[in-house]
Amino acid sequence: GSPNFWCGEMPTSAAPFQTDTSTRPDGLLSVPNPGAQIQSEIFRATIEYAINDDFSLRYIGGKVDSEATELTAPNDNPTGGFQTFQREGGINKFTSHELRLAWDPNGPLSGEIGYFTSEIEDAFNFGLGFWIGGSPELVDNSDGPLDISGLAIPFNFLEQTDDTDAVFFALRYDFMDGRANVSLEGRYAEEDKKSIDVLSGGREQGGSFDSFTPRVSVEYQISDDSMIYASMAKGVKAGGFNGFTASTTPLTPDEQAFDPEENWTYEIGSKNVLLDGRLILNASLYYIDWSDMQVTSVPSGFDPDAITPGSVAPTIFLNVGDAENWGVELDGIGYLTPGLSVTYAFSYSNPEFSNGTKWGQFVGLCDDVFCPADGDVSGNTLPRQSEKQAAMGLQYETDLGGRGFFARVDYTWQSKQYLETMNFGWIAARDSVNASIGISGEHWSITAWGRNLMDETYVTNSLYIGSLR
């Protein structure tokens, strides 16, 4: 077999992917099937209590119970012969509690402290089943999301728990007669994770991850109509587990888990009111530095020469990548006449992988001619990120017989997005026009809206799966 990559702009029609024997309905990349079915119950509660003039207490609690199944048959000729289908199922339970104690004595110093705890129970399975073609309809005969009895080839079945406890604080100090302030925030979290591999006979992995994420910001009010600010903050994405094997490839002890991913964000900006209040202009410049990125990689024990047509290299997550991004953002509002206003926004960003970052999905597919055999993506743009985005909206508001009336039209545009980390193909730049109109009374409102009024056809997203054909 030989590798096949989509290069260039992704088409908006399925025609380039169809074959002479395809029986899919025109314009569809997959046949009609049950797809995803999701049931969720969501609860949320907030309680606030003023202890006295200086102290207040706030509690936030939440609970989510959900289950989902997805059944798909990505076959080119679904109405004849021996066919396969994919099935995914999962159950997720999430509970959280947060308590905040705030202190504000109407002086230069104020702050708050808090505690957060959450529990997550998650079970997920994925596999392949077989059926005899003859109808482009699929029926899910499973007994619940976690039933794998109808799957001829179950790929994975994991039961995971994630318990988090965190304490946090925030302090703010005002000075220069309230024209300037400095804020210091911090959060320390401990995360206990456990993963059980059901298909391997219940083998268990577990471990703890802790992190401290600080944030510092400074603001200065130049005048009543202008202020500047600067901030720096650390972000963390928790680590996790790869299991004991990737497909049939055993993992070394160092490959069975991956560490947290970190980033530092630096930002400076300004907020301004100009032209006697008729124009609001905000601007910011930022830089983000990612380290220890959780990169899709190939296990060290896998032989790339073992890839056969229709197969892919097994992948895991390892902390072997870095990236950086800098950008600018502008937004604001212009008041043209009484009742008529225009909103605007523009952003530019340049997210790139740092030198030495290698993406395992391309190992065994690249040949050092068309692309680096080791999956090196240094200098490439991060996928699914638009370099430039812009938006503008025009809104009219007035009183209509004692009722509030508004009409609004919005235009959005974004530049192209690469499909995958090697930057072979991309989604074309796209724009859209949306509108809404509404009327409201004291206790009611009615709104009508429309999206994509120009009836543009465009690709919104894509998923890259590397294999040989």
S.K.: Sequence neighbours excluded, which residues qualify as side-chain hydrogen bond (donor to acceptor under 3.5 Å, both in side chains) partners of Q221?
M.R.: none
S.K.: Under the side-chain hydrogen bond (donor to acceptor under 3.5 Å, both in side chains) test, which residues partner N181, sequence neighbours left out?
M.R.: E219
S.K.: Go through the structure and list residues passing ring pair (Phe, Tyr, Trp, His ring centres under 6.0 Å) with F258, not counting sequence neighbours.
M.R.: F317
S.K.: Can a donor-acceptor pair be found, under 3.5 Å and without considering hydrogens, that links the side chain of S110 to the backbone of W103?
M.R.: no
S.K.: Taking the side chain as every heavy atom from C-beta outward, state whether L101 and E112 have any pair of such atoms under 4.5 Å apart.
M.R.: no
S.K.: Could you give all pairs that pass the salt bridge (charged side-chain N to carboxylate O under 4.0 Å, His left out) test and reach residues 224-237, with sequence neighbours left out?
M.R.: K234-E262
S.K.: Write down the atom of S300, the atom of T252, and the distance for their closest heavy-atom approach.
M.R.: OG-CG2, 3.8 Å
S.K.: Step by step, work out the side chain to side chain contact (heavy atoms under 4.5 Å, CB included) result for T421 and N380.
M.R.: CA-CA 7 Å; T421 56; N380 288 3; 5.8 Å; no
S.K.: Which residues pass the side-chain hydrogen bond (donor to acceptor under 3.5 Å, both in side chains) test with S223, sequence neighbours left out?
M.R.: none
S.K.: For the side chain of E261 and the backbone of S291, is there at least one donor-acceptor N/O pair under 3.5 Å apart?
M.R.: no
S.K.: For F209, what residues pass the ring pair (Phe, Tyr, Trp, His ring centres under 6.0 Å) criterion, not counting sequence neighbours?
M.R.: none
S.K.: Would you say NZ of K416 has more than 12 non-hydrogen atoms from neighbouring residues, nucleotides or ligands within 6.0 angstrom?
M.R.: yes
S.K.: Okay, side chain of K93, backbone of K63: is any donor-acceptor separation there less than 3.5 Å?
M.R.: no
S.K.: Check the side chains of S386 and Q417 for a donor-acceptor pair under 3.5 angstrom, ignoring hydrogens and angles.
M.R.: yes
S.K.: Heavy atoms, side chains only, cut-off 4.5 Å: are L340 and L394 in contact?
M.R.: yes
S.K.: Shortest non-hydrogen contact from N125 to P145?
M.R.: ND2-O, 3.3 Å
S.K.: Consider only side-chain N and O atoms of T46 and R44, and report whether a donor and an acceptor are under 3.5 Å apart.
M.R.: yes
S.K.: Could you pull out the closest heavy-atom pair between D162 and E191, with the gap in Å?
M.R.: OD2-OE2, 2.6 Å
S.K.: Sequence neighbours left out, cut at 3.5 Å: what donor-acceptor pairs do the side chains of residues 428-435 make with other protein atoms?
M.R.:
| unit_1 | atom_1 | unit_2 | atom_2 | d |
| --- | --- | --- | --- | --- |
| R430 | NH1 | V459 | O | 3.4 |
| D431 | OD2 | Y411 | OH | 3.0 |
| S432 | OG | N434 | OD1 | 3.4 |
| N434 | OD1 | N452 | N | 2.9 |

S.K.: Step by step, work out the side chain to side chain contact (heavy atoms under 4.5 Å, CB included) result for W264 and W290.
M.R.: CA-CA 7 Å; W264 279 95; W290 284 279; over 6 Å; no
S.K.: Taking all atoms of both residues into account, what is the closest heavy-atom pair of S378 and S354, and its distance?
M.R.: OG-O, 3.5 Å
S.K.: Using a strict threshold of under 4.0 Å (side-chain N to carboxylate O), is an ion pair present between R100 and E98?
M.R.: yes
S.K.: State, yes or no, whether a side-chain contact exists between D197 and L158 at a heavy-atom distance under 4.5 Å.
M.R.: yes
S.K.: The test is side-chain hydrogen bond (donor to acceptor under 3.5 Å, both in side chains); show your working for D165 and T117 and say whether it passes.
M.R.: CA-CA 4 Å; D165 291 283; T117 182; 3.1 Å; yes
S.K.: Any chance you could measure E41, atom CD, to D65, atom CG, to the nearest 0.5 Å?
M.R.: 6.0 Å
S.K.: Do N272 side-chain atoms and L274 backbone N/O form a donor-acceptor pair below 3.5 Å?
M.R.: no
S.K.: Are any non-hydrogen side-chain atoms of Q205 and R203 less than 4.5 angstrom apart?
M.R.: no
S.K.: Listed by chain and number, what are the ring pair (Phe, Tyr, Trp, His ring centres under 6.0 Å) partners of W359, not counting sequence neighbours?
M.R.: F353
S.K.: Name all pairs fulfilling the salt bridge (charged side-chain N to carboxylate O under 4.0 Å, His left out) condition that reach into residues 361-375, sequence neighbours left out, sorted by first residue then second.
M.R.: K358-D374
S.K.: Please report the C-alpha distance between Y348 and W326 in whole Å, then the side-chain angles of each, then the deciding distance to 0.1 Å, and finally whether the ring pair (Phe, Tyr, Trp, His ring centres under 6.0 Å) criterion is met.
M.R.: CA-CA 8 Å; Y348 171 86; W326 69 269; 5.4 Å; yes
S.K.: Which donor-acceptor pairs under 3.5 Å do side chains of residues 276-287 form with protein atoms, sequence neighbours excluded?
M.R.:
| unit_1 | atom_1 | unit_2 | atom_2 | d |
| --- | --- | --- | --- | --- |
| R278 | NE | L275 | O | 3.1 |
| N282 | ND2 | D331 | OD1 | 3.1 |
| Y287 | OH | E324 | OE1 | 2.8 |

S.K.: Assess whether side-chain hydrogen bond (donor to acceptor under 3.5 Å, both in side chains) is satisfied between T161 and E121, documenting all intermediate values.
M.R.: CA-CA 5 Å; T161 61; E121 297 181 15; over 6 Å; no
S.K.: Determine whether the aromatic ring centres of residues F126 and F157 are separated by less than 6.0 angstrom.
M.R.: no
S.K.: Is the closest side-chain heavy-atom distance between P253 and F244 below 4.5 Å?
M.R.: no
S.K.: Please list, chain by chain and in numerical order, all residues satisfying side-chain contact (heavy atoms from CB on, under 4.5 Å) with Y173, sequence neighbours excluded.
M.R.: P108, L109, F175, V182
S.K.: Might you work through the side chain to side chain contact (heavy atoms under 4.5 Å, CB included) test for F116 and F168, ending with a clear yes or no?
M.R.: CA-CA 8 Å; F116 172 86; F168 56 89; 4.3 Å; yes
S.K.: Give me the atom names and distance for the closest heavy-atom approach of D259 to N319.
M.R.: N-OD1, 2.6 Å
S.K.: Under 4.5 Å between any side-chain heavy atoms of L318 and V295, yes or no?
M.R.: no
S.K.: For S415 and K388, indicate whether the former's side chain and the latter's backbone hold a donor-acceptor pair under 3.5 Å.
M.R.: yes
S.K.: Please report the closest heavy-atom contact between P372 and M422, naming both atoms and the distance.
M.R.: CD-SD, 3.9 Å
S.K.: For Y220, what residues pass the ring pair (Phe, Tyr, Trp, His ring centres under 6.0 Å) criterion, not counting sequence neighbours?
M.R.: none
S.K.: For Q385 and Y418: C-alpha separation, side-chain torsions, deciding distance, then whether side-chain hydrogen bond (donor to acceptor under 3.5 Å, both in side chains) applies.
M.R.: CA-CA 7 Å; Q385 304 268 351; Y418 285 107; over 6 Å; no
S.K.: Begin from the C-alpha positions of L57 and L99 and carry the test side chain to side chain contact (heavy atoms under 4.5 Å, CB included) through to its verdict.
M.R.: CA-CA 7 Å; L57 199 61; L99 189 64; 4.0 Å; yes
S.K.: Measuring only between side-chain heavy atoms, which start at C-beta, is S231 closer than 4.5 Å to R215?
M.R.: yes
S.K.: With rounding to the nearest 0.5 Å, note down the distance linking OG in S211 to CD in E190.
M.R.: 9.5 Å
S.K.: Examine the side chains of T343 and R408 and answer whether a donor and an acceptor come within less than 3.5 Å of each other.
M.R.: yes
S.K.: State the CD-OG1 distance between E420 and T381, to the nearest 0.5 angstrom.
M.R.: 11.0 Å
S.K.: I'd like to know if D192 pairs up with K194 as an ion pair, taking the criterion as any Lys NZ or Arg NE/NH1/NH2 lying under 4.0 Å from an Asp or Glu carboxylate oxygen.
M.R.: no
S.K.: Are side-chain heavy atoms of Y59 and E48 found at a separation under 4.5 Å?
M.R.: no
